[in-house]
There are 2 protein chains.
Amino acid sequence: MTNDNHDEGGSRRRSDGEQTHAQILDAAMRLASIEGLGSLTIGRLARELGVSKSGVFAHFRSKQRLQEETLRAAEEVFQREVLLPGLDAPEGLARLESLCKAYLSYVERGVFPGGCFLAQVLAEFDAQTGPIHDAVASGHKTWLGLMEEQVITAQGLNELDPALDPRQFAFELWAPLELANYLATLHRDPTITDWGRTAVQAAIARALPRT
Amino acid sequence: MTNDNHDEGGSRRRSDGEQTHAQILDAAMRLASIEGLGSLTIGRLARELGVSKSGVFAHFRSKQRLQEETLRAAEEVFQREVLLPGLDAPEGLARLESLCKAYLSYVERGVFPGGCFLAQVLAEFDAQTGPIHDAVASGHKTWLGLMEEQVITAQGLNELDPALDPRQFAFELWAPLELANYLATLHRDPTITDWGRTAVQAAIARALPRT
DNA sequence: GACAAGATAGCACGATTGTCCTATCTATAG
DNA sequence: CTATAGATAGGACAATCGTGCTATCTTGTC
């Protein structure tokens, strides 16, 4: 094979199209992180990129799919910017701390101009129904599960109090990350993430094994 | 004076109009808590209430003002459902716990169908600009300030460790409330607020004075 | 009761929305 | 090279948006 396109369905993708597709998703993520996935607009996206409405529409064939692909793309960014760096650290407490640090750094660096994309869609779709809500719910379940897993591992390594409820403690670590993201964005002050860092450390400090 | 209308600007308000006005805001809060203040629509509200678009529009004269008044109305609900019950308890640690309990109860009871309205608009407008963003920012500053104040009072009463940074600790109490709200709504499981309750208690437990 | 003013309906407007249909261009497989 | 199919533009569509204008009803003041 001379190119590495996915080539699913027996149809060939053209490289120029693939590139435009990526550019659209990039702009869509930027816009949606600020104004929400719901107020994404095909016409707006087209104007932003200097192409025609049809040029955008043809890539997704419905607004629904545009939203779904945008969410999916954002999840990949999250994976690359938070999960991957976090997974560098050895399993257990170190990785738990590493994940929290990676999240706060990702907020601080302004990877998305409107703060954490997944926090944005969490609030936007938590009370709605449909595929986006379901995707958000499952994504957040995975994220919580990942934290929970590391808590259990840390308990096995005697790095954390074995009496802790893993899910509960994962929740307690996650909470300050989320709020730090919202407040840093709200007040346009990236240093607010320090509150999150301090909170995470405090939560961990009281969860160490009672020697 | 024979009626208690506000009567501002020298014009008299009619009671039927005032009632409709309130009904509109009520529906607007319900809708916006689910789908966001930004996707509030005058036509949609009109259909929902069985009145004409003009009938709704005339009450606000712009969409901007509809959004502002809806936010304001929601803040009043928040005051009535959270702040007022919370303020029953005596100042200090008791009031701090009372406020947290009141918030979680308000989430649990589903006062808004889409979860806490202020958490919704926080996420929606944190990265935007304009009067709504500013109102949200100042509202949340007030809420954090209120918690902070009670932390300081509690420290004065020797109910909490005087070494605590009040703002930081207020943040740490607020965080699990906020996340509990989002997750309870996302998973349609009001009992998730128990995670918030447990987290608040844990945070307080480690903040007691080191006798 | 009369009268002033608020409440509401109806209609029209330009703009924008999502979606479809039909051309024209261009990258690529053979 | 040619042939094919994807990429994109352009235009049209019905629906909905926010916002005005005008007319009719209803409430409250004198």
Side-chain angles (χ1 to χ4, degrees), chain A residues 1-28 31-32 35-70 128 130-132, chain B residues 1-28 31-32 35-70 128 130-132:
Chain A
M1 151 10 153
T2 58
N3 86 22
D4 59 354
N5 284 351
H6 306 320
D7 202 359
E8 38 190 340
S11 56
R12 39 190 157 140
R13 299 270 156 81
R14 267 167 51 177
S15 60
D16 55 349
E18 201 127 22
Q19 185 181 341
T20 305
H21 194 96
Q23 285 176 347
I24 295 173
L25 286 180
D26 213 66
L31 267 178
E35 307 185 0
L37 210 40
S39 48
L40 257 192
T41 258
I42 293 177
R44 174 95 173 275
L45 234 30
R47 209 175 315 123
E48 200 96 8
L49 294 169
V51 299
S52 72
K53 239 175 29 156
S54 320
V56 173
F57 181 79
H59 281 276
F60 305 96
R61 295 191 307 279
S62 84
K63 184 181 179 175
Q64 175 99 229
R65 296 219 356 173
L66 166 63
Q67 292 178 320
E68 289 170 358
E69 287 201 38
T70 302
Q128 305 195 220
I132 304 271
Chain B
M1 59 161 93
T2 58
N3 86 22
D4 59 353
N5 284 350
H6 306 319
D7 202 357
E8 38 190 342
S11 56
R12 37 191 159 141
R13 298 270 155 81
R14 266 167 51 178
S15 60
D16 55 348
E18 202 126 24
Q19 185 181 340
T20 306
H21 194 96
Q23 285 176 345
I24 295 173
L25 286 180
D26 213 66
L31 268 178
E35 307 184 359
L37 208 41
S39 48
L40 257 192
T41 258
I42 294 178
R44 174 93 172 277
L45 275 175
R47 209 176 316 124
E48 199 96 6
L49 294 169
V51 299
S52 72
K53 243 181 16 162
S54 319
V56 173
F57 182 79
H59 281 275
F60 305 95
R61 293 191 309 279
S62 85
K63 185 181 180 177
Q64 176 97 230
R65 295 217 359 171
L66 166 64
Q67 291 178 321
E68 289 169 358
E69 286 201 39
T70 303
Q128 305 194 221
I132 305 270

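Convention: sequence-line order gives letters A, B, ...; per-chain numbering from 1.
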So what does B:Val51 touch, heavy atoms closer than 4.0 Å: a base, only the sugar-phosphate, or nothing?
sugar-phosphate
Tell me: CD of B:Gln19 to C1' of C:dG6, nearest whole Å?
15 Å
Kindly write out the residues that satisfy side-chain contact (heavy atoms from CB on, under 4.5 Å) with B:Asp26, not counting sequence neighbours, or none if the list is empty.
B:Met29, B:Arg30
Any side-chain N or O of A:His59 less than 4.0 Å from the OP1 or OP2 oxygen of D:dT8?
yes
Without decimals, in angstroms, what is the distance between A:His21 NE2 and D:dG6 C1'?
14 Å
Kindly compute the distance separating OG1 (B:Thr20) from CG (B:Asp16), expressed to the nearest 0.5 Å.
6.0 Å
B:Arg13 CZ - C:dA4 P separation (whole Å)
21 Å
Using a 3.5 Å cut-off and no angle test, enumerate the donor-acceptor pairs between side-chain atoms of residues 41-57 of chain A and protein atoms at least two apart in sequence or in another chain.
unit_1, atom_1, unit_2, atom_2, d
A:Arg44, NH1, A:Glu35, OE1, 3.1
A:Arg44, NH2, A:Glu35, OE2, 3.0
A:Ser52, OG, A:Gly55, N, 3.0

What's the shortest heavy-atom distance between B:Ile132 and B:Gln67, and which atoms?
CD1-CB, 3.7 Å
Does the side chain of B:Ser15 get closer than 4.0 angstrom to OP1 or OP2 of D:dT27 through an N or O atom?
no
If I compare all heavy atoms of B:Gly38 with all of B:Lys63, which pair ends up nearest, and what's the gap?
O-NZ, 3.4 Å
Return a single string for nucleotides 12-24 of chain C, one symbol per nucleotide in 5' to 3' order, where B is base contact, S is sugar-phosphate-only contact and - is none, cutoff 4.0 angstrom on heavy atoms.
-----BBB-----
Listed by chain and number, what are the side chain to side chain donor-acceptor pair (under 3.5 Å) partners of A:His59, not counting sequence neighbours?
A:His21
Calculate the interatomic distance between A:Arg14 atom CZ and D:dG6 atom P; express it in whole Å.
10 Å
Can you tell me how far C1' of D:dA5 sits from CG of A:Asp16, to the nearest Å?
12 Å
